[in-house]
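Hydrogens, waters and symmetry mates are skipped; everything else that's a heavy atom, side chains included, is used. These numbers come from a predicted model, not from an experiment.
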Amino acid sequence: MGLFNLFFDTSVVLTIGGHSLSGGVVSLAVLLLKGLFSMLSVYLLIAVTGMESLCAALDRLHMPSILTTTLLLIYRYLILLLQGGERISTAYALRAPTRRGIHPGAWGPLLGQLLLRTVDRAQTVYESMQLRGFRGSFSYAHARAVEGRDILFLCLSSAYFFICRIFPVFEYIGSIFRNIT
């Protein structure tokens, strides 16, 4: 959506070192940064917490079990997809050692092969899950209780956000940049 702002919002809002920036450029940059930081925060949350624990927490928050199960299965399927892609890439590199990367003419057949192999592997994984008693939802046996460090983290992060709300740090930084230009 930020790309459309480049064409619709052409008024100059900021001048830095003789270069003028339109409102569209600024809003595009803000949207890109917000998207990047959102993706990084989700990745950090999954890396620190783990997908099993995250789905267990969502289940404890009474998220519909179909959503948590779907989220967990998509995560597992993506891992299978990435492993298959790494195998195909390695096999291609071993068969064509003089090439740098995969030739564009081979992308279609390799992607089709990757999809077919991954679907077969996912079907095998699903059948083994059914043999082990999977009936459509996961049971999370290791749901942990709230500890003192959790309450401490909640208090500290709430205090941080409260302080940032009362003392608008970013407005101060913005005024510094406006005074520089």
Notebook entry, point to check: Is M39 reachable from V42 through a run of I, L, V, M, F, W or Y residues, each pair having side-chain heavy atoms under 4.5 Å apart?
Noted result: no
Checklist line | Closest approach of I88 to Q113 (non-hydrogen atoms, all atoms of both residues) | finding: CD1-C, 4.3 Å
Check: Transitively linked via ILVMFWY side-chain contacts under 4.5 Å: V119 with L110?
Finding: no
Item checked: For the student: nearest non-hydrogen atoms of S38 and S41, plus distance -> O-OG, 2.8 Å
Next item on the list: Grab the two heavy atoms, one from R99 and one from Y92, that are nearest each other, plus how far apart they are.
Entry: CD-OH, 3.5 Å
Next item on the list: Give a yes or no on whether V26 and L32 share a hydrophobic cluster (residues Ile, Leu, Val, Met, Phe, Trp, Tyr; joining criterion: side-chain heavy atoms under 4.5 Å apart).
Entry: yes
Next item on the list: Would you mind reporting whether D150 and E147 have side-chain heavy atoms less than 4.5 Å apart?
Entry: yes
Next item on the list: Could you tell me the separation between the CD1 atom of I79 and the CZ atom of R121, rounded to the nearest 0.5 Å?
Entry: 11.5 Å
Next item on the list: Without swapping roles, check the side chain of T69 against the backbone of I66 for a donor-acceptor pair under 3.5 Å.
Entry: no
Note to self: Quick check: is M51 connected to I74 through a chain of hydrophobic side chains (ILVMFWY, heavy atoms under 4.5 Å apart)?
What the structure shows: no
Check: Side chain of S128, backbone of V125: donor and acceptor closer than 3.5 Å?
Finding: yes
Next item on the list: Any chance you could measure T49, atom OG1, to E52, atom CD, to the nearest 0.5 Å?
Entry: 12.5 Å
Next item on the list: Taking only Lys NZ, Arg NE, NH1 and NH2, and the carboxylate oxygens of Asp or Glu, determine whether R132 and E127 approach each other closer than 4.0 Å.
Entry: no
Item checked: L54 side chain near L45 side chain, heavy-atom distance below 4.5 Å -> yes
Item checked: Atom pair CG (L81) and CD (E86), whose distance is rounded to the nearest 0.5 Å -> 12.0 Å
Next item on the list: May I ask you to test the L156-L152 pair for a side-chain heavy-atom distance under 4.5 Å?
Entry: yes
Note to self: To the closest 0.5 Å, what do you measure between OG1 (T118) and CG (L82)?
What the structure shows: 9.0 Å
Note to self: Is there a continuous path of hydrophobic side-chain contacts, each under 4.5 Å between heavy atoms, that joins L28 to L21?
What the structure shows: yes
Next item on the list: Please round to the nearest 0.5 Å and tell me the distance separating atom OG of S89 and atom CG of L94.
Entry: 9.5 Å
Check: Taking the side chain as C-beta and beyond, is there a heavy-atom pair between C55 and L72 under 4.5 Å?
Finding: yes
Notebook entry, point to check: In Å, rounded to the nearest 0.5 Å, how long is the span from OG1 of T68 to CZ of R60?
Noted result: 13.5 Å
Check: Does a side-chain heavy-atom distance below 4.5 Å link Y75 with I46?
Finding: yes
